[in-house]
Amino acid sequence: MPFVRSTGTGVVGAQVPDAVAVGAALLARGGNAYDAALAAAFIETVVMPPKCGLAGDLVALVVAPDGRARSLVAIGPTPAGLAAATGPTGPPLTGPLAVGVPGAPAGYAALAARATRPLAELVAPAAALARRGVLVGPVLARLVAASAPLLRQHQPDGCAYLPDDRPPAEGDRILLPGLADALDDLARRGAELFGGPLGDELLATVGPAGGVIDRVDLTAGARSAHWHPAPWTTVGAGAVCTTPAPTYGPLLLDALEAVAAGSDVLGAVTAAVSRRDRLATDDGTSVVAAADADGTAVVVVHSNSFPEFGAGLVLPTSGLVLGNRPGRGFRGPAAGAGSRPPTTLHAWARRTDDGHLAVGATSGGEDQVVWNTQLLGPVLDLEGAAATEAIRTGLGAPRWASAVDGAVRAEPGAPVEGVPVRPIGEVRSAHVVVGRDDRGWWAAADRRQTTAVAAPARRADP
């Protein structure tokens, strides 16, 4: 399991090693946690464009040096014409009516307002990578292969992710110059990204295909990032805070309070999720976390929703994958214009009276609540170094996932008793956690995916 301790400059973790390297370089040059998290996140949008990107959504949780926590929710609003166009059954999972209004640009811009470096500097490594070509890793290869039929359905003339009409193999190189241009445009326009040529491209792609997003919706998307206080709630021997609704942070808090009251993790999770009619699913999700020498911790969860290529539509020039937040979030009639679809995205923080802190999140769709409860449940009565060690070991513990037909899917050795258990196959948990104990900042990550962590050795000259 990846684990590092800070040598004085802070720590960073992400689901892509290249992203960690870029974030660590920002910290080494004196950047803060926002700089590191953003630069790493932009690399993820290039290395794993189906999972996260400029046409998706974003949530974040920040713990300041004084212990106060704030959450950022940047979920695009519901298109004004969606309810009338989709009727009582609601929007489909994929296709033009599933496309969500992008909220991510407003989220990235809100985080950049707290960074020390200009946004152009933070996007530059990702834009350069997109122009020279992305080496296809195991995650991108799997996602493209799984979604090839969907991509062909909506892009019959082909797209960047199916060169020569075939899924790329691991180790192939994909050139994404349009994505590089989009990142450069983000540096210029910030939250208003889709008020320019990218907005024209989105409308020209979605409208003729039967979608309902219009320019007024895109304008509202530019205002979709909102900061909220994240109050601490006493749970066990410490306190927990989460991102608010429409994220699934409140469900995690419900589950953890049940565990602290004596429930087993399986029962706690089952009870928590039963309070929602049906979970939205977000497999297309990635996580970045960073902490700096000044004492700020930031975790960013950004997503194109699910399935592997969001709504299945790819903008032809920029290569942006269009998310399908309405298609996943509404399980019935779409809510009114401007409402925010529910999302399983969420982040959490846990602190104890002795000053120890952990801040993190995972990908995993409906299992985000399940896996976060499995990680945090066993540490609720622990403090100090014992809590740090329990989180570190818990990141490598066998996982179980949501019930299917009354059975829990589980890895060998997962602590599930009293219910039918089926093999889980591939587990897509990918926790990234940063924390602070008596020895300073540390970062840890789930061993199951391509996650990585780093702690720059010293501050380099700017």
Side-chain angles (χ1 to χ4, degrees), residues 1-48 52 60-65 108-109 111-132 134-135 137 180 183-184 186-187 286-302 357-361 388 392 430-445 450-462:
M1 179 204 66
F3 183 89
V4 294
R5 285 192 174 276
S6 173
T7 57
T9 55
V11 291
V12 61
Q15 294 187 357
V16 176
D18 286 348
V20 171
V22 169
L26 262 297
L27 290 175
R29 296 200 302 270
N32 65 14
Y34 295 96
D35 293 308
L38 277 168
F42 294 136
I43 291 289
E44 289 195 336
T45 68
V46 173
V47 176
M48 300 188 299
C52 53
L61 187 64
V62 177
V63 180
Y108 293 131
L111 292 169
R114 301 185 174 198
T116 66
R117 306 302 169 92
L119 190 51
E121 180 179 340
L122 300 180
V123 305
L129 176 61
R131 287 193 173 94
R132 68 175 178 264
V134 178
L135 285 177
L183 287 163
D184 288 340
L186 175 71
S286 199
V287 178
V288 171
D292 60 34
D294 294 330
T296 298
V298 178
V299 59
V300 176
V301 189
H302 51 163
L357 175 72
V359 186
T388 298
R392 177 179 178 177
H431 275 104
V432 178
V433 183
V434 296
R436 183 183 59 230
D437 59 18
D438 292 336
R439 298 170 58 187
W441 286 113
W442 53 266
T450 59
T451 51
V453 295
R458 61 183 176 84
R459 291 184 183 235
D461 293 333

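Residues N32 and T296 form no side-chain contact, since every pair of their non-hydrogen atoms from C-beta on lies 4.5 Å or further apart. Contact check for D35 versus R29: no side-chain heavy atoms found under the 4.5 Å cut-off. Looking at heavy atoms from C-beta onward, L122 lies out of side-chain contact with Y34 at the 4.5 angstrom threshold. Side-chain contact between T116 and L26 is absent, with no heavy atoms from C-beta onward closer than 4.5 Å. Put simply, the side chain of L186 reaches to within 4.5 Å of the side chain of L119, judged on heavy atoms. Looking at R131 and D184, their side chains come closer than 4.5 Å, going by heavy atoms from C-beta outward. Within the 4.5 Å cutoff, side-chain heavy atoms of L129 are placed close to those of V47.
The minimum heavy-atom distance linking V433 with A358 is given by the pair CG1-CB, 4.1 Å. Here the closest non-hydrogen pair linking R5 and T388 is NH2-CG2, 4.3 Å. Considering all non-hydrogen atoms of both residues, L111 and A60 come closest at CD2-CB, 4.2 Å. The two residues R436 and G295 come nearest to each other via the heavy atoms NH1-O, 4.0 Å. Nearest heavy atoms, Q15 versus S286: OE1-OG, 3.1 Å. The shortest heavy-atom contact between G8 and A293 is O-CB, 3.1 Å.
In terms of modelled atom types and a separation under 3.5 Å, the side chain of D292 and the main chain of A36 share no donor-acceptor contact. No donor-acceptor pair closer than 3.5 Å links the side chain of T451 to the backbone N or O of A445. With T7 contributing its side chain and A457 its backbone, the two residues share a donor-acceptor pair below 3.5 Å.
Ring geometry for Y108 versus H302: interplanar angle over 60°, hence perpendicular rather than tilted (30 to 60°).
Applying side chain to side chain contact (heavy atoms under 4.5 Å, CB included) to V301 and the options V288, L61, V287 leaves one that passes, V287.
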Yes or no on side-chain contact (heavy atoms from CB on, under 4.5 Å) for L183 and V46, after CA distance, side-chain angles and deciding distance?
-> CA-CA 10 Å; L183 287 163; V46 173; 3.8 Å; yes
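Among residues two or more places apart in sequence or in another chain, the ring-ring contact (aromatic ring centres under 6.0 Å, His included) test is passed with W441 by none.
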